[in-house]
Amino acid sequence: MLTLGIETSCDETSVALTDRRRVLSNCVTSSLRLHAKFGGVVPEIASRYHVEYINYVLASALRRAKKRLADVELVAVTKGPGLVGALLIGVSAAKALSLALGAPLVGVNHVLAHLYSVFLDHAARPKFPFIGLVVSGGHTSLYLCGDFDDVRLLGQTQDDALGEAYDKVAKILGLGFPGGPVIEKMASGAKGRAEPRFPRAYLEEGSLDFSFSGIKTAVLYYTRGAGRLSKSLIRGICSGFQDAALDVVVDKTLSACERHGVRQVVVGGGVSANNALRQKLFQAARGRGINAYFPDFKFCADNAAMIGLVGEELYRRGARSDLYMGVDSNLKL
Ligand code: KG4
Ligand code: ZN
């Protein structure tokens with residue numbers, strides 16, 4: 001089923017053509033560099049960028065897939081969570097296309113799409129049920145996934161998301177925005193063990209929730225007390241922060257597997273591109289007889305292919321949206 005996916009929840013403007021799990025095209029442009037000097041995404045700038053680029057991105061997605069608009073059989077679009085103004089651009093475009101083409105419309109939850117991006121163009125395929133971990137700039141959550149439309153929340157962050165913690169620590173260290181890739185790079189250049197050692201926040205016994213604000217504050221106080229920051233000290237702080245944050249994420253993910261008797265873990269979201277997370281989870285999972293799956297690197301960040309894939313799977317299970325569909329900045333699963 002030829003599906004046109006549209007994603008505009010934050011700074012990426014993306015349109016993709018997918019057919020089940022096959023990606024025919026996945027075009028992405030981003031306003032990221034326009035936000036860098038503000039240290040975070042400015043909603044109005046993101047919305048204006050979507051308005052300016054959405055038609056170009058749509059045209060290039062069709063061209064790359066060698067398809068015409070008339071070939072499209074289903075329109076899938078992110079309806080939340082995300083920035084309201086940004087979401088509205090994608091949803092308005094999707095409604096117009098659905099109406100003009102007479103193609104059905106399905107609204108997709110962005111977090112669910114991250115969770116299932118592992119299925120895109122991928123050789124190793126997990127089988128349901130599995131534990132899903134979404135680690136992005138806006139979310140850090142664990143799910144028990146029985147099917148595309150059968151997802152139960154097991155735990156989530158009580159304050160900052162993991163990607164947000166990376167971004168805030170990078171800001172404290174003057175490393176720019178976004179923080180994830182640069183912290184990963186600095187941490188990988190650190191010598192020896194991850195030092196200084198920052199606190200691991202496990203919350204109450206047995207909790208599958210997360211908290212990253214304490215470690216961020218610990219980095220802030222450590223940095224204030226350290227005086228001039230040499231490059232090697234910055235590397236050490238990045239490595240110490242990353243090690244502490246990822247230890248908790250990996251431990252809780254594997255605890256969720258054990259608690260629910262599941263032997264597979266699927267990870268998605270922007271932070272799933274992080275190699276230290278991949279290595280830590282692969283290693284710890286292997287020791288417990290659990291298989292871990294990550295999306296292809298090109299599908300870790302926001303993209304429309306994941307929206308098309310989930311839209312089609314939900315459509316096959318009966319999901320339909322109409323032209324009155326709204327957007328929801330806080331959309332829950
Ligand atoms: O999923 P995403 O593209 O957007 C949201 O839905 O939030 O995630 C963006 C987040 C940012 O916080 C960014 O710093 C983080 O993902 N990120 C990383 C890496 N690449 C992106 N965090 C750690 N390591 C990375 N390599
Ligand atoms: Zn995202």
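Numbering starts at 1 and runs along the sequence shown. Counting convention: from 1, in listed order, for ligands and their atoms alike.
By the criterion of a heavy-atom distance under 4.0 Å, the side chain of D167, and not its backbone, is placed next to ligand 1. Contacts with ligand 1 closer than 4.0 Å are made by no heavy atom of H139, backbone or side chain. By the criterion of a heavy-atom distance under 4.0 Å, neither the backbone nor the side chain of E12 is placed next to ligand 1.
Here the heavy atom of the protein found nearest to atom 26 (N) of ligand 1 is E184 OE1, 2.8 Å. Nearest non-hydrogen protein atom to atom 24 (N) of ligand 1 is N274 ND2, 2.9 Å.
For R22 and D121, the salt-bridge test fails: no basic side-chain N is under 4.0 Å from an acidic carboxylate O.
The shortest N/O to N/O separation between G180 and ligand 1 falls below 3.5 Å. Geometrically, ligand 1 and P178 share no nitrogen or oxygen pair separated by less than 3.5 Å. For ligand 1, the polar-atom distance check finds an N/O of G270 within less than 3.5 Å of one of the ligand's N/O atoms. Note: an N/O pair closer than 3.5 Å links G137 and ligand 1 by distance alone.
Every atom of ligand 1 is numbered from 1 in the order shown, and the set under 4.0 Å from a heavy atom of H110 is 6 (O). Of all atoms in ligand 1, listed by their number and element, those nearer than 4.0 Å to a heavy atom of G138 are 7 (O).
Residues Q264 and N291 have side chains that never bring a donor and an acceptor to within less than 3.5 angstrom of each other. Using modelled atom types, one finds no donor on one side chain facing an acceptor on the other under 3.5 Å when comparing Y166 with E184.
Contact annotation: C10 places no N, O or S atom under 2.8 Å from the Zn ion (ligand 2). At a cut-off of 2.8 Å, H139 is not counted among the residues with an N, O or S atom near the Zn ion (ligand 2).
Under the 4.5 Å side-chain heavy-atom criterion for Ile, Leu, Val, Met, Phe, Trp and Tyr, L74 and V310 are members of the same hydrophobic cluster.
Which of V111, L162, D302 comes nearest to atom 4 (O) of ligand 1 through a heavy atom is settled by distance: it is D302.
Atom OD1 is the N, O or S atom of D302 at the shortest distance from the Zn ion (ligand 2).
A cation-pi arrangement is not found for R125 relative to Y293, the charged atom failing to lie both closer than 6.0 Å to the ring centre and inside a 45° cone about the ring normal. Within the cation-pi definition used here (under 6.0 Å to the ring centroid, within 45° of the axis), R278 qualifies as a partner of F297.
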